*Asks:* 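Input: one structure, supplied below.
Just so it is clear, the structure is predicted and the values come from calculations on it, not from any experiment.
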Amino acid sequence: MNTSTPDVQTLVVIGNGMVGHHCVEQLVERGALGRYRIEVFSEEPLRAYDRVHLSEYFAGRDAESLALGEASLYLTPGVTLHLGVPVLEIDRERREVITANGSLAYDKLVLATGSYPFVPPIEGAEGDSRLVYRTLADLDTIRAAAAQARRGVVVGGGLLGLEAANALKSLGLDAHVVEFAPRLMPVQLDDQGGQALKARIEALGVGVHLSKATQSISSGAEYRYRMNFAGEDFLETDLIVFSAGIRPQDALARQCGLELGARGGVAIDGQCLTSDADIFAIGECAAWNGSIFGLVAPGYQMARSVAAQLCGEDADPFIGADMSTKLKLLGVDVGSIGDAQGALPGARSYRFIDEASSSYRRLVVSADGKQALGAVLVGDNSYYDTLLQYVQNGIKLPADPASLILPAGEGAPALGADALPATATVCSCHNVSKGAICSAIDSGCTDVAGVKACTRAASGCGGCAALLKQVVEHELSARGVAVDKSLCEHFAYTRQELYALVRVEGIETFEEVLAKHGRGHVGCEICKPAIGSILASCWNRPIQDPWLVPLQDTNDTFMANMQKNGTYSVVPRIPGGEITPAGLIAIGEVAKKYRLYTKITGGQRIDLFGAQLHELPDIWGELIAAGFETGHAYGKSTRTVKSCVGSTWCRYGVQDSVKMALDIENRYKGLRSPHKLKFAVSGCTRECAEAQSKDVGVIATEKGWNLYVCGNGGMRPRHAELFATDLDDETLIRYIDRFLMFYIRTADKLQRTSVWRESLEGGLDYLKAVIIDDSLGLAEELEAQMQLVVDRYECEWANAIQDPEKLKRFRTFVNDGRGDPDIRFIDERGQRRPLRADEAGLISLVEEVV
């Protein structure tokens, strides 16, 4: 029976995924509760969570941290969320939904049931050979299966398939991908893009098997299952995850007789209405013009349209959506824009291929060369935002369109915020245009945070954050508003300005900086670490001194890296990767005594995991006694100097790279900076130490050393640039001194050398003029500042364990020297590791039962 009153009707939303949740958010924001009481039904026992970042569940995030929005939304009077209550039927005649808990009458209904993973009918696919990757419950099942497995295979090399492969790899499995098509991501990439992606993924240790059709699954010999392909090929594995595409979840629509799309899905019109005037469909269950849209942005667009209509507002019709995507799969940048395949008549392409790094970029343009139609990117998405704007807004191409995809510094024209039309979409998740951002500024928003709160731009996937900042700052400047670049509310200065004040006035404490140049009494989480870094960079005082400790984060405070279970890892310095047998034995003895998990790092060091807080001083003491010191792995400071064996051992080496690496690391080992610093020294151009991916890279030549600067790995890899050639030892060190101190003096907070370099007006030529030609007359001053830091070096571990007051910090409990009883371990592969939360919960449950 319909329980609605004449004034308040009942609106039922079936599905609480990302799109269903967004619809409810929009309804509440638009005042729908004055018209409706909203009943939301969810099959899952958890409220809406972020499926875009689902794989982070295996990296330590839990369901609550992935949850969308605030739980208070579903406590709003007039909104009811029914978790774990699937809708079984829809009775359109009586306008009721039937659930296991009974029936409920509706006046309006929104289907947001999403999709389900397609599993092809393969003989033998069952149990752990028929897993899927879609929900948190699916991930729990995969994790349980992986506990007893060595190898895992994903069937499907599309977006979700590669995400699933990354998940298997993160669980410690030997991961493989099997794809029916002749390339990975066949929908988004062309052949060469697929080849580049394959090369990058294989380099990460993931097996890729293309043009393979699984005919059946049987018992394996070495592993649990055997996947039998067409022909005589096969692959053995312990578990199989299917990610071979999705299908619209349209079972309810079929049951109640709604019109369906030709290939499934609930047929909708431009208003997202189904063949029933009281029922809408949005997201992956909806078929518009026969097409299903498997990205979140089109689903959000539908949700906004339906919410507006239900609130009596005008709504733009849904006329399809741009399916451009920017992703990071297994750490590899992948981008696809518009007509990525060049399928439109007359389309022609420009391509950039770097086989050495397996990078690929393709720009598709119209026959007359005036309009960008699409693009493919593999390996570097820094080009994505600019290319997307050219494609979406029909911006006239430069005379040489190829310049848009050439490496930085090759003459690519900059596309500033002023070049974007008002209709340009800045945030596709929430459909925020440049015009909407301008309106928010005209309404009183004076910074990025205000615009973000007003428009929700950059609050979805976050990929547009840099472009949003660029547009906001440009528009504020255009209106004559001074762009506030203050460090925070306590300091009306940039980091660079504060550095100059500290240096010129000889200030050595945060309190003095605050008293002279700030406001307030205590500072905040932005200014305290930034000024702590400035003070350490200028004066190199021990990080444990009383006036510096309150400025640091947990890692710096305890001089060790906190891990997700509350234990710490300890990384002693091993300069240049050179270590004596006695040193190796000493580290082994410490690890054995304290039962620490040991791992060789990528920076030629040994990481010791699982130390509890109260154990740190004892561990440091034994390492110091064996000749080691802190490796600063916890700080924004010099981390590692990687090296090959050089001319001492290698038949290709032309210089002693180990000695140079030792000299560099021992000189800069106490240097604090705006961001972490990594170095490498290669003994020849074969580049075994990977110097061209470091902040400072040194490569031997017959005549001396070539110096490279401003490279980095990480989330956005950047090749270092050749700065100077054939340098002798003394000149090399002098240039590095100047370069590092100039970076520390002028960089912004938490700004890597690569980002700092990109922000320098005049680019590399300007930097060469300052460092090599001394165009600013700063050379002697920079060298003297570096020498002060070098002369004041002191091992922070040794400083701490010699001071009884500092040692008081290293206790889990104030009045008790014992460890944390809640931290528990298990043995795995011959070493002790901490229990994960799910394992600890299971063991506790077993103990309770026993």
*Asks:* Which atom names give the shortest non-hydrogen contact between A340 and V364, and what distance separates them?
*Replies:*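 For A340 and V364, the tightest heavy-atom pair comes out as O-CG2, 4.0 Å.
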*Asks:* Given the rule in the side chain to side chain contact (heavy atoms under 4.5 Å, CB included) test, do L387 and L404 qualify, once you have shown the distances and angles that lead to the verdict?
*Replies:* CA-CA 8 Å; L387 293 173; L404 294 175; 3.9 Å; yes
*Asks:* Taking the side chain from S72 and the backbone from L75, do they hold a donor-acceptor pair closer than 3.5 Å?
*Replies:*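 No; zero donor-acceptor contacts below 3.5 Å.
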*Asks:* First locate atom OH of Y499, then atom CG of L535, and finally report the distance between them rounded to the nearest 0.5 Å.
*Replies:*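 If I round to the nearest 0.5 Å, the distance is 11.0 Å.
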*Asks:* For a quick test of reading the model, state the closest non-hydrogen atom pair linking R348 to D368 and the distance between them.
*Replies:*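 Taking every non-hydrogen atom into account, NH2-C, 3.8 Å.
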*Asks:* Any cation-pi pair here, R362 with Y350, using under 6.0 Å and within 45°?
*Replies:*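 Judged by the rule (NZ or CZ under 6.0 Å from the ring centre, within 45° of its axis), R362 is not positioned above Y350.
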*Asks:* Taking only residues two or more places apart in sequence, or in another chain, which ones meet H21 in a ring-ring contact (aromatic ring centres under 6.0 Å, His included)?
*Replies:*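 Here the qualifying residues are Y74.
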*Asks:* Which is it for R757 and Y743 under the side chain to side chain contact (heavy atoms under 4.5 Å, CB included) test, yes or no, and what are the steps along the way?
*Replies:* CA-CA 9 Å; R757 152 65 184 88; Y743 157 64; over 6 Å; no
*Asks:* Starting at SG of C710, measure out to CZ of R752 and round the result to the nearest 0.5 Å.
*Replies:*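 Reported value, rounded in 0.5 Å steps: 10.5 Å.
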*Asks:* Check whether any side-chain heavy atom of L397 sits under 4.5 Å from a side-chain heavy atom of K370, and report yes or no.
*Replies:*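 No. Closest side-chain heavy atoms not under 4.5 Å.
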*Asks:* Taking S439 for its side chain and G435 for its backbone only, find out whether a donor-acceptor pair lies under 3.5 Å.
*Replies:*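 Present.
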*Asks:* To the nearest 0.5 Å, what is the distance between CD (Q341) and CD (Q188)?
*Replies:*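 Q341 CD to Q188 CD: 8.5 Å, rounded to 0.5 Å.
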*Asks:* Between T753 and D695, is there a side-chain donor-acceptor contact under 3.5 Å, judged purely by atom types and distance?
*Replies:*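 Distance-only check passes for D695 and T753.
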*Asks:* How many angstroms lie between atom NE2 of H675 and atom OG of S754, to the nearest 0.5 angstrom?
*Replies:*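 OG of S754 is found 9.0 Å from NE2 of H675.
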*Asks:* If we ignore hydrogens and angles and just use 3.5 Å, is the side chain of Q309 paired with the main-chain N or O of Q271 as donor and acceptor?
*Replies:*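 A pair under 3.5 Å: yes.
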*Asks:* Verify, without hydrogens or angle tests, whether R35 (side chain) and V8 (backbone) share a donor-acceptor contact under 3.5 angstrom.
*Replies:*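 A pair under 3.5 Å: no.
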*Asks:* Looking at R456 and E29, is there a salt bridge between them, counting it only when a charged N and a carboxylate O are closer than 4.0 Å?
*Replies:*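 The answer is yes: the pair qualifies as a salt bridge.
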*Asks:* Report yes if the side chains of F510 and C527 come closer than 4.5 Å at any heavy-atom pair, otherwise no.
*Replies:*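 Yes; the side chains approach each other to less than 4.5 Å.
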*Asks:* Flag the pair E70 and R47 as a salt bridge only when some basic side-chain nitrogen lies within less than 4.0 angstrom of an acidic carboxylate oxygen.
*Replies:*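 So E70 does not pair with R47 through a salt bridge.
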*Asks:* Is it true that a side-chain atom of S673 and a backbone atom of I744 form a donor plus acceptor pair closer than 3.5 Å?
*Replies:*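 Between the backbone of I744 and the side chain of S673 there is no qualifying donor-acceptor contact (under 3.5 Å).
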*Asks:* Does F293 form a ring pair (Phe, Tyr, Trp, His ring centres under 6.0 Å) with Y300? I'd like the steps, not just the answer.
*Replies:* CA-CA 11 Å; F293 297 88; Y300 280 2; over 10 Å; no
*Asks:* Is it the case that atom NZ in K516 sees more than 12 heavy atoms from other parts of the structure closer than 6.0 Å?
*Replies:*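 More than 12 within 6.0 Å, yes.
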*Asks:* Is a side-chain N or O of S115 found less than 3.5 angstrom from the main chain of I246, in a donor-acceptor match?
*Replies:*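 Looks like no, no N/O pair under 3.5 Å.
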*Asks:* Going from CD1 on I282 to OG1 on T274, what distance comes out if it is rounded to the nearest 0.5 angstrom?
*Replies:*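 Between I282 CD1 and T274 OG1, I get 12.5 Å after rounding to 0.5 Å.
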*Asks:* Please check if any side-chain donor atom of E505 sits under 3.5 Å from a side-chain acceptor atom of H517, or the reverse.
*Replies:*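 A pair is found: one side chain offers a donor N or O, the other an acceptor, under 3.5 Å apart.
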*Asks:* Please enumerate all residues that pass ring-ring contact (aromatic ring centres under 6.0 Å, His included) together with F41, with sequence neighbours excluded.
*Replies:*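 So F41 forms a ring-ring contact (aromatic ring centres under 6.0 Å, His included) with H82.
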*Asks:* Just by distance, do the side chain of E284 and the backbone of G114 share a donor-acceptor pair under 3.5 Å?
*Replies:*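 Answer holds: no.
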*Asks:* Between the main-chain N or O of L310 and the side-chain N or O of Y36, is there a donor-acceptor pair closer than 3.5 Å?
*Replies:*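 Looks like yes, one N/O pair under 3.5 Å.
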*Asks:* Does the side chain of N289 pick up a donor-acceptor pair with the side chain of S291 at under 3.5 Å?
*Replies:*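 Absent: no donor and acceptor within the cut-off.
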*Asks:* Could you state the interatomic distance from CD1 (I534) to NZ (K749), rounded to the nearest 0.5 Å?
*Replies:*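 The CD1 atom of I534 sits 10.5 Å away from the NZ atom of K749.
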*Asks:* Does the pair D748/R495 count as a salt bridge with the N-to-O cut at 4.0 Å?
*Replies:*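 Answer for the salt bridge query: no.
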*Asks:* Is it true that S305 and Q301 share a donor-acceptor pair across their side chains at a distance under 3.5 Å?
*Replies:*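 There is no such pair (donor and acceptor under 3.5 Å, judged by atom type) between the side chains of Q301 and S305.
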*Asks:* Is there a donor-acceptor pair under 3.5 Å between the side chain of D107 and the backbone N or O of T10?
*Replies:*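 Yes, because the side chain of D107 sits within donor-acceptor range (under 3.5 Å) of the backbone of T10.
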*Asks:* With a sphere of 6.0 Å drawn around CG of D316, does it hold more than 12 non-hydrogen atoms of other residues, nucleotides or ligands?
*Replies:*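 Check fails, neighbour count at 12 or below.
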*Asks:* Do T386 side-chain atoms and Y383 backbone N/O form a donor-acceptor pair below 3.5 Å?
*Replies:*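 No.
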